[in-house]
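Computed from a prediction, not measured in an experiment: that's the story for all the values here. Along the sequence shown, residues carry numbers from 1.
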Amino acid sequence: MPPSPPPPRSRRSRSKAYAPRCGKPTLFAKWSNFADRCPNCGLDFSKFNVGDGPAAFLTLILGALVVALAITLELKVHPPLWLHMLIWIPFTAGGVVLSLRAAKGALMSAEYRNAAREGRIDQ
């Protein structure tokens, strides 16, 4: 049996939605929902706990970026409030939605690569 290829790096996994074990693009069943398992290598994706971490981090990161850009725009151009809302609300929502898949894929890949599990105290 030929040796299996090394698992893809985090950047490759998140950009192409590759399964962390085999490197095939089977990580997601829908836009941002993980598949139950990889049909190629059989890795059970349900045992990983990605949770809401990616969405929270993306919201904070994009929020800081939007605030900096909005302040810069206000100080340079002084647009009316409605124009700020027209620009920044869709920018923020679109940024979170479009980058959520990549963030979830990166976190899943990192959990697999580092063998992350729920913390326990041995007694």
Within one Ile-Leu-Val-Met-Phe-Trp-Tyr cluster: Leu58 and Val50, side-chain cutoff 4.5 Å: no

Cluster link Leu62 to Leu86, ILVMFWY, side chain under 4.5 Å: yes

Glu74 CD to Leu69 CG distance, which is reported to the nearest 0.5 Å: 13.5 Å

Any side-chain heavy-atom pair of Leu43 and Arg37 under 4.5 Å: no

Plane angle bin for Phe45 and Phe34 - parallel if under 30°, tilted between 30 and 60°, otherwise perpendicular: tilted

Smallest separation among heavy atoms of Gly23 and Tyr18, with atom names: O-CG, 3.4 Å

Side-chain touch Cys38/Thr26, heavy atoms, less than 4.5 angstrom: yes

Close side-chain approach of Pro54 and Leu100, heavy atoms under 4.5 Å: yes

Residue pair Leu27, Met108: steps toward the side-chain contact (heavy atoms from CB on, under 4.5 Å) verdict: CA-CA 9 Å; Leu27 189 57; Met108 166 85 78; 3.9 Å; yes

Beyond-backbone contact of Val66 with Phe91, side-chain heavy atoms, under 4.5 angstrom: yes

Sub-4.5 Å side-chain heavy-atom contact between His84 and Pro79: yes

ILVMFWY network linking Ile71 to Leu81, side-chain heavy atoms under 4.5 angstrom: no

Min side-chain heavy-atom separation Trp88-Leu73 under 4.5 Å: yes

Reported NZ-to-SG distance for the pair Lys24 and Cys41, which is rounded to 0.5 angstrom: 10.0 Å

Cluster check Leu65, Val96: I/L/V/M/F/W/Y, side chain < 4.5 angstrom: yes

Side-chain (Thr72) to main-chain (Ala68) donor-acceptor, under 3.5 angstrom: yes

Asn114 (side chain) donor-acceptor with Ala110 (main chain) under 3.5 angstrom: yes

Joint hydrophobic cluster, Val77 plus Trp82, side-chain heavy atoms closer than 4.5 Å: yes

Asp36 atom CG: more than 12 heavy-atom contacts under 6.0 Å: no

